[in-house]
Q: 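Below you'll find the structure I mean.
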Amino acid sequence: MGFHLPCPQYQDNCCATYHRRPHACVGYQCELLQRFLVNEISLEEGLSLITQAKVMLDKLWTLLPNGKATPITFQTLHAIVGKESHPPNT
């Protein structure tokens with residue numbers, strides 16, 4: 001079981017359905033959170049990485065043909081970047 005990102009319920013930097021969110025969301029812990037929970041990174045480092053990722057995503061959304069409605073796949077990124085790249089493990 002999984003879910004698509006970006007989540008349509010993520011609005012204004014928070015979950016719009018937090019109190020009635022699906023079970024998949026309740027138990028989900030991203031790699032960054034897991035690293036924080038075992039003290040591999042500090043809160044400040046984690047928040048800095050999140051900020052950097054948001055900046056990069058904001059730039060990416062402007063390049064996608066349908067904005068945030070475009071699924072982000074390697075093929076989509078390859079088309080945007082336009083470089084001779086290969087997907088990982090190929």
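Please read all numbers here as calculations on a predicted model, not as lab measurements.
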Q: Please name the pair of heavy atoms, one in Q29 and one in Q34, separated by the smallest distance, quoted to 0.1 Å.
A: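 Looks like O-NE2, 2.8 Å.
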
Q: Is there side-chain contact between Q52 and V55, with heavy atoms separated by less than 4.5 Å?
A: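 No, their side chains stay 4.5 Å or more apart.
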
Q: As an exercise, state the distance from CG of L47 to OG1 of T51, rounded to the nearest 0.5 Å.
A: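 Spacing of CG (L47) from OG1 (T51) equals 6.5 Å.
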
Q: Say whether L49 and L43 are linked into one hydrophobic cluster, either directly or through other cluster members, by side-chain heavy-atom distances under 4.5 angstrom.
A: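 In one cluster: yes.
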
Q: In terms of hydrophobic clustering (I, L, V, M, F, W, Y; side-chain heavy atoms under 4.5 Å; direct or indirect links), are L32 and L37 co-clustered?
A: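 Linked, L32 and L37 end up in one cluster.
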
Q: Using 0.5 Å steps for rounding, measure from the OH atom of Y10 to the OG1 atom of T17.
A: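 That separation rounds to 13.0 Å.
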
Q: Can you confirm whether the side chains of S48 and E45 place a donor and an acceptor under 3.5 Å from each other?
A: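 There is no such pair (donor and acceptor under 3.5 Å, judged by atom type) between the side chains of S48 and E45.
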
Q: To the closest 0.5 Å, what do you measure between SG (C25) and CZ (R20)?
A: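 Going from SG on C25 over to CZ on R20, the span is 12.0 Å.
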
Q: What is the distance from atom CD1 of I50 to atom CG of L57, rounded to the nearest 0.5 Å?
A: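 Spacing of CD1 (I50) from CG (L57) equals 12.0 Å.
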
Q: When you look at CD of E31, are more than 12 heavy atoms from neighbouring residues, nucleotides or ligands closer to it than 6.0 Å?
A: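 Atom CD in E31 is not packed in, count stays at 12 or less.
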
